[in-house]
**Q** 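Take a look at this one; I'll ask things after.
Quick note on labels: first sequence line is chain A, next is B, and so on, each numbered from 1. On a predicted model such as this, the values are computed, not experimentally measured, just so you know.
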2 protein chains.
Amino acid sequence: MTNRKNSEREPDGLRERKRRDTHRRITEAGLKLFSARGFDATTLDAIAAEAGISRRTFFHYFRSKDDILLSLQTGLGESLAAALAERAPGQRPIAALRQAMHALLAAYAPDELLALDRLMLSSEAVQSRKQATYLQDEALVFAALCAYWPEENPAALRLAAILSIGITRVSMEAWRSGDGQRPLAQYVDDYFDALAGI
Amino acid sequence: MTNRKNSEREPDGLRERKRRDTHRRITEAGLKLFSARGFDATTLDAIAAEAGISRRTFFHYFRSKDDILLSLQTGLGESLAAALAERAPGQRPIAALRQAMHALLAAYAPDELLALDRLMLSSEAVQSRKQATYLQDEALVFAALCAYWPEENPAALRLAAILSIGITRVSMEAWRSGDGQRPLAQYVDDYFDALAGI
DNA sequence: TCCATATTTTGCACTCAGTGCAAAATAATA
DNA sequence: TATTATTTTGCACTGAGTGCAAAATATGGA
């Protein structure tokens, strides 16, 4: 503990490079085996072997088998909260959220997302944990909204947060079941438009 | 398979009575031990012993340890959907949902709910699965809304479903962290009122 | 280059959840 | 009571995940 200056830095010694590499190899091994045999039928022994490490070492990189998939989830809440920083002055929360979501969508890589989503569907536990992360995303968005619109009614901001995450969720769902024909952004707009007629 | 007329009936022979009793004993044993030692520290062996059955028999009653707690969850989606049948003619979906939630709330037993909720908090897996059930509730409410308001824009009904479940969630949260001082129904009203100012 | 130290990897032994199978115990029925 | 259906149990097994301590490897300085 004499070494390592209170973290923060991203050192680039052999150690860190190897660590990142091992992490990547485990992820790749997991994805490869999951898609080949399914999540449940893939044992940690198989993943460790494929990644060229011991079973025990796996747990120094991931807390559980689930986490291989879950760690690939993009931090929706964080991203949305960050994108809110670009709001226009005087803009209403909902309008700002709509704009923030469009900004995010531009950065998405559709095909990988679809494939990952399908993999997650194959394990009940993973699926549950994934859905639970939506609530955390919602909390992050709510916090950001409170910070940026301190004069608004918190209850209304809470609802705005619920809606933004909910719209993301159902838009992705609609987009996925339409196999990505229409662009994701259009579904998002449909839902935001529907908000007026509620 | 010559017996049992395609289920539906709730026979009351010795077999069924014993079965129900065992189920109840397992639940009670689980709750007792969970609150005494915590969820994770309670083994299935301990639960089986406390309930007076063998470990193997446990799995004829529950699919997993989690399910002891999860099976106690009230079917929010089903109840809400059912309560929507009482809607007034010409009433808007949101107004009907608000009314339906009030009808439900009247039937709730606060203290048990609070205790159960706290137990669920103690296991990550249980918590995730519980939160995942919200999405199923949402789907049920959405289906009911579509059935009752076929002329409305489905996207708007989807948002209404999202909001109704979301409001339930955050109301319970606020109520729980306020330790049940204000009645749950007031939180619900606060959120529905806030809807106007979004 | 070699040494002392910090970190990572590994093996081993263990606990516990959950499953498949077949035999034993118990209830229903005739 | 005898036959049949259902439930309970024991046993042996797989696989996830953990604690511990020793072995292997990287780092930084002399």
Side-chain angles (χ1 to χ4, degrees), chain A residues 1-7 9-26 29-30 33-34 37-70 122-126 128-129, chain B residues 1-7 9-26 29-30 33-34 37-70 122-126 128-129:
Chain A
M1 204 54 103
T2 48
N3 208 348
R4 175 163 299 186
K5 299 264 181 66
N6 217 353
S7 46
R9 291 194 304 144
E10 270 262 349
D12 205 38
L14 175 53
R15 236 167 226 174
E16 282 72 21
R17 258 181 294 132
K18 281 179 85 170
R19 198 148 228 291
R20 274 194 285 274
D21 190 59
T22 302
H23 192 279
R24 189 185 45 71
R25 282 204 324 277
I26 296 177
L33 296 178
F34 293 159
R37 317 177 188 174
F39 184 87
D40 290 324
T42 303
T43 67
L44 285 180
D45 285 297
I47 296 174
E50 177 79 24
I53 56 171
S54 77
R55 210 181 84 89
R56 193 63 187 78
T57 296
F58 171 86
F59 290 101
H60 286 132
Y61 287 85
F62 293 92
R63 290 177 51 211
S64 71
K65 201 167 84 167
D66 299 2
D67 283 357
I68 299 178
L69 291 179
L70 288 163
S122 68
S123 159
E124 247 194 82
V126 173
S128 297
R129 289 187 56 192
Chain B
M1 206 52 103
T2 49
N3 209 348
R4 177 164 294 185
K5 299 263 180 65
N6 217 353
S7 43
R9 291 193 305 144
E10 270 263 347
D12 207 37
L14 176 52
R15 235 167 226 173
E16 282 70 25
R17 257 181 295 130
K18 281 180 88 169
R19 196 149 230 290
R20 276 194 284 275
D21 190 59
T22 303
H23 191 280
R24 188 187 44 71
R25 283 206 322 277
I26 296 176
L33 295 178
F34 292 159
R37 318 177 188 172
F39 184 86
D40 290 324
T42 303
T43 67
L44 286 179
D45 285 297
I47 296 174
E50 177 80 25
I53 57 171
S54 77
R55 211 181 83 87
R56 193 63 187 79
T57 296
F58 171 86
F59 290 102
H60 288 131
Y61 288 85
F62 292 93
R63 289 177 51 211
S64 70
K65 202 167 82 166
D66 298 3
D67 284 356
I68 300 176
L69 292 179
L70 288 164
S122 70
S123 158
E124 247 193 83
V126 174
S128 296
R129 288 188 55 191

**Q** I want to verify a distance call: between D:dT9, D:dT7, C:dG11, whose nearest atom is closest to the B:His60 side chain?
**A**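 Ranking D:dT9, D:dT7, C:dG11 by closest atom to the B:His60 side chain puts D:dT9 first.
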**Q** Could you list all N or O pairs between the protein and nucleotides 13-16 of chain C that sit under 3.5 Å apart?
**A**
none

**Q** Are any non-hydrogen side-chain atoms of A:Asp67 and A:Arg129 less than 4.5 angstrom apart?
**A**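 Yes, side chains in contact.
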**Q** Is the shortest heavy-atom distance from the side chain of A:His23 to the side chain of A:Arg19 under 4.5 Å?
**A**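 No, too far: nothing below the 4.5 Å cut-off.
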**Q** Under 4.0 Å between a side-chain N or O of B:Lys18 and OP1 or OP2 of D:dT7?
**A**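 Answer is no, no contact under 4.0 Å.
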**Q** Work out how much the helix from C:dT1-D:dA30 to C:dA30-D:dT1 bends between its end axes, five pairs an end, to the nearest 10 degrees.
**A**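 Computed angle between terminal axes is 10°.
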**Q** To the nearest Å, give me how far apart NE2 (A:His23) and P (C:dT7) are.
**A**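 Spelled out: NE2 on A:His23 to P on C:dT7 is 19 Å.
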**Q** Got a salt bridge between B:Lys18 and B:Asp21, using NZ or NE/NH1/NH2 to carboxylate O under 4.0 Å?
**A**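 Between B:Asp21 and B:Lys18 there is no salt bridge, as every charged N stays at least 4.0 Å from the carboxylate O atoms.
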**Q** Would you mind reading off the distance between A:Glu16 atom CD and D:dT25 atom P, rounded to a whole angstrom?
**A**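 That distance rounds to 17 Å.
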**Q** Take atom CZ of A:Arg19 and atom C1' of D:dA24, then tell me their distance rounded to the nearest Å.
**A**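 So the two atoms are 15 Å apart, to the nearest Å.
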**Q** Assign each of B:Tyr61 and A:Asp66 to its nearest nucleotide of DNA chain D by heavy atoms, then name whichever residue's nucleotide is nearer the 5' end.
**A**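 By nearest-heavy-atom nucleotide position, the 5'-most residue is B:Tyr61.
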**Q** Starting from P on D:dT25, measure out to CD1 on A:Ile53 and report it in whole angstrom.
**A**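 Distance check: A:Ile53 CD1 to D:dT25 P gives 16 Å.
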**Q** Less than 4.5 Å apart, side chain to side chain, heavy atoms only: is that true for A:Arg25 and A:Tyr61?
**A**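 Side-chain contact under 4.5 Å: no.
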**Q** Evaluate side-chain contact (heavy atoms from CB on, under 4.5 Å) for B:Arg20 paired with B:Arg24, printing each intermediate quantity in order.
**A** CA-CA 6 Å; B:Arg20 276 194 284 275; B:Arg24 188 187 44 71; over 6 Å; no
**Q** Given atom CZ of A:Phe58 and atom C1' of D:dA16, what is their separation to the nearest angstrom?
**A**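 Whole-Å distance recorded here is 10 Å.
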**Q** Looking at every heavy atom in both A:Asp40 and A:Ser122, which two are closest together, and how far apart are they?
**A**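 A:Asp40 and A:Ser122 have their closest heavy atoms at OD2-O, 4.0 Å.
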**Q** Below 4.5 Å, heavy atoms only, C-beta onward: do A:Phe58 and A:Ile68 meet side chain to side chain?
**A**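 They are in side-chain contact.
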**Q** Would you say B:Ser54 reaches D:dT9's phosphate, i.e. side-chain N/O to OP1/OP2 under 4.0 Å?
**A**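 It does, given that an N or O in the side chain of B:Ser54 lies less than 4.0 Å from OP1 or OP2 of D:dT9.
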**Q** So how far is it from B:Glu124 CD to A:Ser128 OG, rounded to the nearest 0.5 Å?
**A**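 Going from the CD atom of B:Glu124 to the OG atom of A:Ser128 covers 12.0 Å.
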**Q** What's the CZ-P distance between A:Arg17 and D:dT25, to the nearest Å?
**A**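 The distance from CZ of A:Arg17 to P of D:dT25 comes to 17 Å, rounded to the nearest Å.
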**Q** Which heavy-atom pair separates B:Thr42 from B:Lys65 by the least distance, and what is that distance?
**A**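 Distance-wise, the nearest heavy atoms are O-NZ, 2.7 Å.
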**Q** Take the protein atom CG of B:Asp21 and the nucleotide atom P of D:dT7, then report the distance between them rounded to whole Å.
**A**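 Value for this atom pair: 15 Å.
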**Q** Contact class for B:Phe62 vs. all strands (heavy atom < 4.0 Å): base, sugar-phosphate, or nothing?
**A**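 Result for B:Phe62 = nothing.
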**Q** Going by modelled atom types, is there a donor-acceptor pair between the base of C:dA6 and the side chain of A:Arg15 at under 3.5 Å?
**A**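 Indeed there is one.
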**Q** If I compare all heavy atoms of B:Ala29 with all of B:Ile47, which pair ends up nearest, and what's the gap?
**A**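 So the two residues come closest at CB-O, 3.9 Å.
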**Q** For C:dA17, does either OP1 or OP2 sit under 4.0 Å from a side-chain N or O belonging to B:Ser64?
**A**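 Answer is no, no contact under 4.0 Å.
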**Q** Calculate the interatomic distance between A:Glu124 atom CD and D:dA16 atom P; express it in whole Å.
**A**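 Value for this atom pair: 17 Å.
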